[in-house]
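Sending over a structure as structure tokens; questions will come in a sec.
Predicted, not measured: the structure shown is a model, and the values here were computed from it. Along the sequence shown, residues are numbered consecutively beginning with 1.
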Amino acid sequence: MSKHILPFTEANTKRVSSLFRQALRTAFDSSLKFDAYRRETIRIRQQFEAERHVSDVNELERIIERTKAKLNEWKHPDPYIPPCRPGGTKYERNLPSPKEPMVSGDW
């Protein structure tokens, strides 16, 4: 017996929400212009809304697996990382100031 999460449960909602956010991030990584990104987000939302009322557990699992495969296929090789996040260009760039007083010319 395989473990399926029943449709319309909190766990399933979290799975689908995570996939939706991941799809939006993937679209953001691939879009250079905001208007193109916005059109893509609307299209993604329509695809998720079209499958919103699926109540068959097996069909739901197939849709989720198909979505994961599609996201893996479209994954950007160099995703956008916000500058101050780990892996970003400004992460830990500014070191903290020394706590002890500095005496200039004291070699």
Do Leu19 and Trp74 share a hydrophobic cluster, counting only Ile, Leu, Val, Met, Phe, Trp and Tyr and linking them when any side-chain heavy atoms are less than 4.5 Å apart? no
State the CD-CD1 distance between Glu59 and Ile64, to the nearest 0.5 angstrom. 10.5 Å
Quick one: salt bridge (Lys or Arg N to Asp or Glu O under 4.0 Å) partners of Asp35, sequence neighbours excluded? Arg39
Atom CD of Glu10 with >12 non-hydrogen neighbours under 6.0 angstrom: no
Validation row: Leu60, Asp56 side chains within 4.5 angstrom (heavy atoms): no
Do you know which two heavy atoms are closest between Leu71 and Ala23, and how far apart they sit? CD2-CA, 3.5 Å
Do the side chains of Lys70 and Gln47 get nearer than 4.5 Å, heavy atoms only? yes
With a 4.5 Å heavy-atom cut-off, do Thr41 and Arg38 have their side chains touching? yes
Search all heavy atoms of Ile44 against all heavy atoms of Phe20 and return the closest pair with its distance. CG2-CE1, 3.9 Å
Decide yes or no on side chain to side chain contact (heavy atoms under 4.5 Å, CB included) for Ile81 and Tyr91, but give the supporting numbers first. CA-CA 10 Å; Ile81 301 172; Tyr91 182 66; over 6 Å; no
Between atom OG of Ser30 and atom NE2 of His76, what is the distance when rounded to the nearest 0.5 Å? 5.0 Å
Stepwise salt bridge (Lys or Arg N to Asp or Glu O under 4.0 Å) check, Glu61 with Arg15: CA-CA 11 Å; Glu61 287 298 320; Arg15 287 172 70 196; 3.1 Å; yes
Please determine whether a side-chain nitrogen of the Lys or Arg among Glu65 and Arg62 lies less than 4.0 Å from a carboxylate oxygen of the Asp or Glu. no
Inter-residue atom distance Gln22.CD - Ser17.OG, 0.5 Å rounding: 12.5 Å
Just verifying a value: how many Å separate Arg25 CZ and Lys75 NZ, rounded to the nearest 0.5 Å? 11.0 Å
Decide whether Phe48 and Ile42 are clustered together by the hydrophobic rule: side chain heavy atoms of Ile, Leu, Val, Met, Phe, Trp, Tyr closer than 4.5 Å, transitively. no
